[in-house]
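Being a predicted model, the structure only gives us computed values, none of them experimental. The first residue in the sequence is number 1, and the count goes up from there.
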Amino acid sequence: MHRRIIVPSALAASLTLAIPASAADFAPGAPGIGDSYYPASGNGGYDVSHYDLRLKYEPATDLLEGTATILATTKQNLSRFNLDLGLKVSEVRVNGRVAKFAASGAHELEVTPAVPLERNKEISVVVRYAGKPSEFKVDGWSAWARTPDGGVAAQEPDSAVWWFPSNDHPLDKATFDVSVSVPAGHQVISNGVLQSQSTALGRTRFNWRSDKPQATYLATLAVGKFDITTDRTANGLPVLNAYSKDLGAHAGAARASIERTTELAEWLETVFGPYPFNSLGGYVPNVTSGFALETQTRPFYSPRQFANGANVSVVVHELAHQWYGDSVSVRDWKDIWINEGFARYSQWLWSEKEGEGTAQELADYVYALRGAEDPFWTVKPGDPGPENQFHGAVYDRGALALQALRNEIGGEDFFAILKGWPKQFAYGNARVADFVRYAERVSGEPLAELFDTWLYEPSKPAAPAAAAAGLSAPAAPRTTAKAGAGAKAAKPVQPKSWKKIAATNTVHDHERGHDHESGHEGHGGH
């Protein structure tokens with residue numbers, strides 16, 4: 001509600017004379033939010049607090065019709081601002097008044113309100129739009145997957161432009177209400193809690209709510225025919241898992257993996273602290289892709305993740321992201337290590353818990369697996385570049401950095417950091433440098449050199465550096481590892497969990513355009 005201040009007419013006239021309105025005070029918001037890898041992503045000039053999406057989808061034709069209501073706060077005096085959307089817009093209103101709009105670039109919607117917007121004001125933006133998401137491409141690439149009975153939006157680093165207008169960058173997180181009408185017999189899966197569903201006149205409307213800040217790429221939508229299981233955790237959180245009815249031979253392995261979500265989340269709470277959201281679960285639509293994605297509260301899994309049987313390790317990876325990536329999100333896409341290095345390390349910790357190889361043994365194996373000449377070591381996990389954002393080194397070398405940190409500062413401080421970091425930056429954004437400073441503060445030790453060695457040097461850390469970090473030798477007490485500095489260690493035996501972990505190397509092989517399939521030496525990238 002906008003409160004109107006009544007000013008006596010004489011005073012109003014004097015105020016008007018004292019502060020003349022000037023169009024020069026207002027300027028367009030930037031068409032990008034300033035990301036170093038994706039300059040066109042997101043927009044400047046405003047900050048979104050909530051998305052209310054009211055949609056209608058036709059599985060047979062892939063037609064999506066939507067009305068999006070966006071609540072935001074202006075960050076500057078705005079004459080115009082951009083939203084990110086690829087579908088065709090029919091009307092835009094700002095604060096209830098019809099606004100001018102124009103499409104530009106690959107997915108920019110330029111909005112010119114009837115009245116310029118003052119800084120630090122709450123605004124509402126309503127966008128009516130429609131289109132077939134599968135027909136929209138950016139550089140020949142799509143984040144929307146058609147399925148035999150519907151469609152799915154799930155991709156990284158962006159997927160929102162295929163189905164709703166947004167400020168499409170992790171730096172601008174918001175809460176979500178997603179309401180979707182589909183033909184009766186179809187279901188809708190999205191983030192958070194299913195608030196209600198109702199059927200009338202041959203259609204069913206599903207109403208989902210995600211009540212904690214959520215990055216736009218972590219918003220997901222799936223329409224199809226699913227087998228759904230529901231439960232509650234010991235703490236009362238709703239659990240909802242959904243499986244396409246036509247997964248075929250992959251159905252059993254998918255269920256055997258994802259039905260362990262509650263158990264795995266409870267274990268991860270012992271590592272990372274309390275689960276940060278209002279629900280949990282996962283879903284497996286009938287898509288042809290091979291990746292998985294940490295869509296907030298309800299990770300997306302491709303059936304191919306379970307082609308070789310159950311794989312709990314991939315579920316551990318995506319659930320770990322709920323803390324590292326979802327609750328604490330990147331400030332800039334170059335900070336991807338604070339997502340992927342930790343999700344991979346959580347797989348190592350699960351292996352340790354299950355007695356299938358300690359994190360130390362996995363670290364030693366990863367270090368010994370590739371010689372110094374291997375291009376794997378030229379990728380810098382702390383700033384891999386957009387072409388290597390989901391390279392295997394961000395995962396495996398990124399996890400090596402954490403094992404080196406654990407050996408350097410000791411287990412007590414290390415696990416205090418793993419729990420403290422998601423609490424310190426809960427529902428916000430952070431950089432790699434923020435983590436380094438946080439780790440130094442908790443441990444009381446200077447760590448810049450260690451992180452520089454493992455995250456930023458474009459070469460394999462030499463044996464002395466590795467030995468000093470407790471790496472390159474078979475698992476042993478830290479003193480023994482250090483005593484062996486300079487000695488040539490025998491190649492460690494492959495840990496039992498290695499194949500299951502390596503099978504998840506395609507976890508973020510998102511098949512985007514020039515994709516990074518070389519990143520994992522033949523077994524995936526993203």
Hey, could you give me the [atom1]/[atom2] distance between [X] and [Y], rounded to the nearest 0.5 Å?
X	Y	atom1	atom2	value
S351	W498	OG	CH2	10.5 Å
Y324	F342	OH	CZ	5.5 Å
L418	L349	CG	CG	7.0 Å
D335	D35	CG	CG	8.5 Å
Y38	H169	OH	NE2	9.5 Å
L240	T230	CG	OG1	6.5 Å

Mark yes or no for whether [X], through its side chain, and [Y], through its backbone, hold a donor-acceptor pair below 3.5 Å.
X	Y	value
W144	F136	no
K334	V432	no
S327	Y427	yes
W377	G371	yes
W323	G273	yes
E440	L447	yes
S159	A154	no
D364	L471	no
R146	G150	yes
S302	Q305	no

Measure the shortest side-chain to side-chain distance between [X] and [Y] over non-hydrogen atoms and say whether it is less than 4.5 angstrom.
X	Y	result
I409	I417	yes
E340	Q389	no
I338	W421	yes
D326	Q214	no
K173	S329	yes
V287	F300	yes

Checklist entry - Going through the distances and angles, do N407 and Q360 end up as a side chain to side chain donor-acceptor pair (under 3.5 Å)? => result CA-CA 9 Å; N407 290 341; Q360 181 69 59; 3.0 Å; yes

Next on the checklist: One pair to check against side chain to side chain contact (heavy atoms under 4.5 Å, CB included): R406 and L402. What are the steps and the verdict?
Outcome noted: CA-CA 6 Å; R406 181 179 177 181; L402 289 170; over 6 Å; no

Is the closest side-chain donor-acceptor distance between [X] and [Y] under 3.5 Å?
X	Y	result
Y51	N167	no
E259	Y243	yes
T233	Y275	no
R205	S179	yes
D413	S443	no
S497	E354	no

Answer yes or no: does atom [atom1] of [X] have more than 12 heavy-atom neighbours from other residues, nucleotides or ligands under 6.0 Å?
X	atom1	result
K423	NZ	no
D246	CG	yes
R209	CZ	no

Item to check | Pair D434 + R431: basic N to acidic O under 4.0 Å | outcome: no

Next on the checklist: Under 4.0 Å between a side-chain nitrogen and a carboxylate oxygen: does that hold for E263 and K353?
Outcome noted: no

Looking at every heavy atom in both [X] and [Y], which two are closest together, and how far apart are they?
X	Y	result
L55	L64	CB-CD1, 4.1 Å
D62	S134	OD2-OG, 2.6 Å
K460	Y367	NZ-O, 2.8 Å
W454	A401	CB-CB, 3.7 Å
P157	Y217	O-CB, 3.4 Å
I501	S313	CG1-OG, 3.7 Å

Item to check | Evaluation steps, ring pair (Phe, Tyr, Trp, His ring centres under 6.0 Å), between F176 and F164 | outcome: CA-CA 11 Å; F176 280 74; F164 68 96; 5.6 Å; yes

Item to check | Check against side chain to side chain donor-acceptor pair (under 3.5 Å), H321 and Q296 | outcome: CA-CA 9 Å; H321 274 312; Q296 193 158 306; over 6 Å; no

Next on the checklist: Could you walk me through whether N207 and S196 satisfy the side chain to side chain donor-acceptor pair (under 3.5 Å) test, starting with their C-alpha distance in whole Å, then the side-chain angles of each, then the deciding distance to 0.1 Å, before giving a yes or no?
Outcome noted: CA-CA 5 Å; N207 299 297; S196 63; 2.9 Å; yes

Checklist entry - Does the side chain to side chain contact (heavy atoms under 4.5 Å, CB included) test come out yes or no for T204 and H186, once each step is laid out? => result CA-CA 8 Å; T204 303; H186 285 72; over 6 Å; no

Item to check | Y37/D383 under side chain to side chain donor-acceptor pair (under 3.5 Å): CA gap, chis, key distance, verdict | outcome: CA-CA 10 Å; Y37 286 4; D383 186 2; 2.5 Å; yes

Item to check | Ring geometry between W337 and F451 (parallel below 30°, tilted from 30 to 60°, perpendicular above 60°) | outcome: perpendicular

Next on the checklist: For Y283 and F226, take the angle between the two ring planes, folded into 0 to 90°, and tell me which bin it lands in: parallel under 30, tilted 30 to 60, perpendicular over 60.
Outcome noted: perpendicular

Checklist entry - How far apart are the C-alpha atoms of R260 and V315, what are their side-chain angles, what is the distance that settles it, and do they pass the side chain to side chain contact (heavy atoms under 4.5 Å, CB included) test? => result CA-CA 8 Å; R260 296 184 67 181; V315 182; over 6 Å; no

Item to check | side chain to side chain contact (heavy atoms under 4.5 Å, CB included) between F206 and L194, worked out | outcome: CA-CA 7 Å; F206 294 79; L194 180 62; 4.1 Å; yes

Next on the checklist: Before you tell me yes or no, could you show the steps for R255 and D227 under salt bridge (Lys or Arg N to Asp or Glu O under 4.0 Å), namely the whole-Å CA-CA distance, both residues' side-chain angles and the distance that decides it to 0.1 Å?
Outcome noted: CA-CA 10 Å; R255 287 174 182 249; D227 289 327; 3.1 Å; yes

